[in-house]
Visitor: 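First, the structure itself, so that you have it in front of you.
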Amino acid sequence: MSITYSAGHGARHGVVAFLRDVAAAVSEGLELVSRYKALETKTDRELSAIGLTREDLPRVAVHGWKKR
């Protein structure tokens with residue numbers, strides 16, 4: 001008796017799902033970079049006006065900003 005593995009629909013679905021997850025992760029990373037860069041271009045005075053400091057930028061880029 002032998003057991004064979006068929007790399008059919010299930011395997012293709014797994015690869016497609018993996019590639020979709022990778023694409024989503026890359027997209028999310030690019031969005032984080034975009035948010036960070038948008039904040040990074042502001043002056044300290046502009047950041048202060050919205051209640052932020054330079055030290056807040058990584059947190060705000062990742063988690064969003066809620067006015068205090």
Side-chain angles (χ1 to χ4, degrees):
M1 173 187 245
S2 67
I3 299 174
T4 59
Y5 174 75
S6 173
H9 177 69
R12 280 191 302 266
H13 176 70
V15 170
V16 170
F18 171 76
L19 292 175
R20 192 176 298 133
D21 290 346
V22 169
V26 169
S27 178
E28 181 180 0
L30 292 172
E31 178 63 32
L32 294 176
V33 169
S34 176
R35 275 187 257 162
Y36 184 87
K37 286 188 175 198
L39 291 168
E40 182 183 46
T41 62
K42 295 192 179 300
T43 65
D44 289 343
R45 179 179 233 158
E46 291 171 319
L47 290 171
S48 179
I50 59 173
L52 296 174
T53 64
R54 295 241 166 251
E55 291 78 23
D56 295 323
L57 299 186
R59 176 186 51 80
V60 171
V62 173
H63 300 291
W65 178 73
K66 295 182 178 125
K67 194 170 182 178
R68 295 178 203 180

Visitor: Closest approach of V60 and R35, non-hydrogen atoms and distance?
Guide: O-NH1, 4.5 Å

Visitor: Between V26 and V62, is there a shared hydrophobic cluster once you connect ILVMFWY residues whose side-chain heavy atoms come closer than 4.5 Å?
Guide: no

Visitor: If you take all heavy atoms of Y36 and P58, which pair is closest and at what distance?
Guide: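 Taking every non-hydrogen atom into account, CE1-N, 3.8 Å.
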
Visitor: Working to the nearest 0.5 Å, report the span between CD1 of I50 and NZ of K42.
Guide: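 If we round to the nearest 0.5 Å, I50:CD1 and K42:NZ are 6.0 Å apart.
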
Visitor: Check whether any side-chain heavy atom of V16 lies under 4.5 Å from a side-chain heavy atom of R20, and answer yes or no.
Guide: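 They are in side-chain contact.
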
Visitor: With sequence neighbours excluded, what pairs up with D44 under the side chain to side chain donor-acceptor pair (under 3.5 Å) test?
Guide: R54

Visitor: Mind checking whether L57 and L47 have side chains closer than 4.5 Å, heavy atoms only?
Guide: yes

Visitor: When rounded to the nearest 0.5 angstrom, what is the spacing between CG in L52 and CZ in R59?
Guide: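 Going from CG on L52 over to CZ on R59, the span is 7.0 Å.
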
Visitor: Using the rule that two of Ile, Leu, Val, Met, Phe, Trp, Tyr join whenever any of their side-chain heavy atoms come within less than 4.5 Å, decide whether V22 and V15 are in one cluster.
Guide: yes

Visitor: Rounded to the nearest 0.5 Å, what's the gap from CD on E46 to CG on L39? Could you check?
Guide: 10.5 Å

